[in-house]
Amino acid sequence: MAPAGAFDAIANSRRRRVVLSLSRSTGDVPVNDLAVEIAAIENELDPSKVRSNERASAYISLTQRHLDTLDEVGAVDYDDRSKTVTSTDATEPLAEYIRRLQTACYKPESEEST
């Protein structure tokens, strides 16, 4: 995977969330499960409280754009027929990079106003 392709792939927050989620998973992950997880994070909800329209929005976005982008650069393996996603050898290194950036850029809310 070329660095430019990797940076482009993780430039989007939904794609970063997919990479992070897959780094914690083993085997195939249904796109529907990813959509619920992402909708829960974006709407600050427990996954059991995600409404169908919130899940559908994330699902459509993932299947029509984001998973293909991640698959093209080798960050994940997306099977359009089964609507499942699997990690690749590149998933964990990208996830680690994302986690390091998040840690380096993290500021508690109490420090942001100072």
Side-chain angles (χ1 to χ4, degrees):
M1 171 184 336
F7 291 133
D8 287 344
I10 61 171
N12 178 277
S13 64
R14 282 189 173 168
R15 292 194 292 264
R16 287 192 301 273
R17 289 182 178 119
V18 168
V19 170
L20 290 170
S21 179
L22 285 175
S23 76
R24 297 185 303 269
S25 303
T26 57
D28 296 344
V29 176
V31 175
N32 193 54
D33 292 358
L34 284 172
V36 169
E37 181 179 337
I38 288 170
I41 292 167
E42 290 177 351
N43 293 287
E44 298 178 351
L45 297 170
D46 183 272
S48 67
K49 306 272 193 243
V50 171
R51 295 183 297 269
S52 63
N53 63 320
E54 294 162 336
R55 182 207 56 82
S57 174
Y59 183 91
I60 290 167
S61 172
L62 290 172
T63 58
Q64 291 185 353
R65 179 171 182 192
H66 299 303
L67 295 176
D68 285 334
T69 298
L70 289 168
D71 185 81
E72 286 171 12
V73 299
V76 303
D77 183 22
Y78 170 51
D79 186 337
D80 185 43
R81 293 190 79 182
S82 67
K83 299 295 187 225
T84 57
V85 189
T86 310
S87 62
T88 67
D89 290 342
T91 305
E92 182 52 39
L94 277 174
E96 181 59 26
Y97 178 74
I98 293 165
R99 286 189 288 269
R100 286 175 183 237
L101 281 175
Q102 288 174 330
T103 301
C105 297
Y106 174 75
K107 273 191 177 177
E109 287 184 30
S110 61
E111 290 182 16
E112 288 180 2
S113 59
T114 58

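FYI, side chains are in, hydrogens and waters are out, and symmetry mates aren't considered; it's all heavy atoms of this structure.
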Got a donor-acceptor contact below 3.5 angstrom from the [X] side chain to the [Y] backbone?
{"X": "Arg16", "Y": "Ile10", "answer": "yes"}
{"X": "Thr88", "Y": "Ala75", "answer": "yes"}
{"X": "Ser21", "Y": "Val18", "answer": "no"}
{"X": "Arg99", "Y": "Leu20", "answer": "no"}

Checklist entry - When rounded to the nearest 0.5 angstrom, what distance separates CG in Asn43 from OG in Ser57? => result 8.5 Å

Item to check | Point-to-point distance, once rounded to the nearest 0.5 Å, from CZ of Arg14 to OG1 of Thr69 | outcome: 13.0 Å

Hydrophobic cluster membership, with links at side-chain heavy-atom distances under 4.5 Å among I/L/V/M/F/W/Y: are [X] and [Y] in one?
{"X": "Leu34", "Y": "Leu45", "answer": "no"}
{"X": "Val36", "Y": "Val29", "answer": "no"}
{"X": "Leu101", "Y": "Leu94", "answer": "yes"}

Item to check | Leu70 vs Val19 side-chain heavy atoms within contact, under 4.5 Å | outcome: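 In short, these two side chains touch, coming nearer than 4.5 Å.
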
Checklist entry - Quick one: does Thr86's side chain get under 4.5 Å of Leu22's, heavy atoms only? => result no

Checklist entry - In this structure, are over 12 heavy atoms from other groups packed under 6.0 Å from Arg100 atom CZ? => result no

Checklist entry - Take atom CG in Asp89; do more than 12 heavy atoms of anything else shown fall under 6.0 Å from it? => result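 Result for CG/Asp89: open.
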
Between [X] and [Y], what is the shortest heavy-atom contact and its length?
{"X": "Ala39", "Y": "Val50", "value": "CB-CG1, 3.7 Å"}
{"X": "Ala35", "Y": "Ala58", "value": "O-CB, 3.6 Å"}
{"X": "Arg15", "Y": "Ala9", "value": "NE-O, 2.7 Å"}

Item to check | Residue pairs passing the salt bridge (Lys or Arg N to Asp or Glu O under 4.0 Å) test where at least one lies in residues 63-73, sequence neighbours excluded | outcome: none

Checklist entry - What residues, two or more places apart in sequence or in another chain, satisfy side chain to side chain contact (heavy atoms under 4.5 Å, CB included) together with Arg17? => result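 Counting only residues at least two positions away or on another chain, Arg17 forms a side chain to side chain contact (heavy atoms under 4.5 Å, CB included) with Ser13, Ile38, Ile41, Glu42.
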
Next on the checklist: By the ring-ring contact (aromatic ring centres under 6.0 Å, His included) test, which pairs, at least two apart or in different chains, include something from residues 51-104?
Outcome noted: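 Sorted pair list: Phe7-Tyr97.
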
Checklist entry - So does Glu44 pair up with Lys49, basic N to acidic O under 4.0 Å? => result no

Next on the checklist: Does Lys83 form a side-chain contact (heavy atoms from CB on, under 4.5 Å) with Thr63? I'd like the steps, not just the answer.
Outcome noted: CA-CA 8 Å; Lys83 299 295 187 225; Thr63 58; 4.3 Å; yes

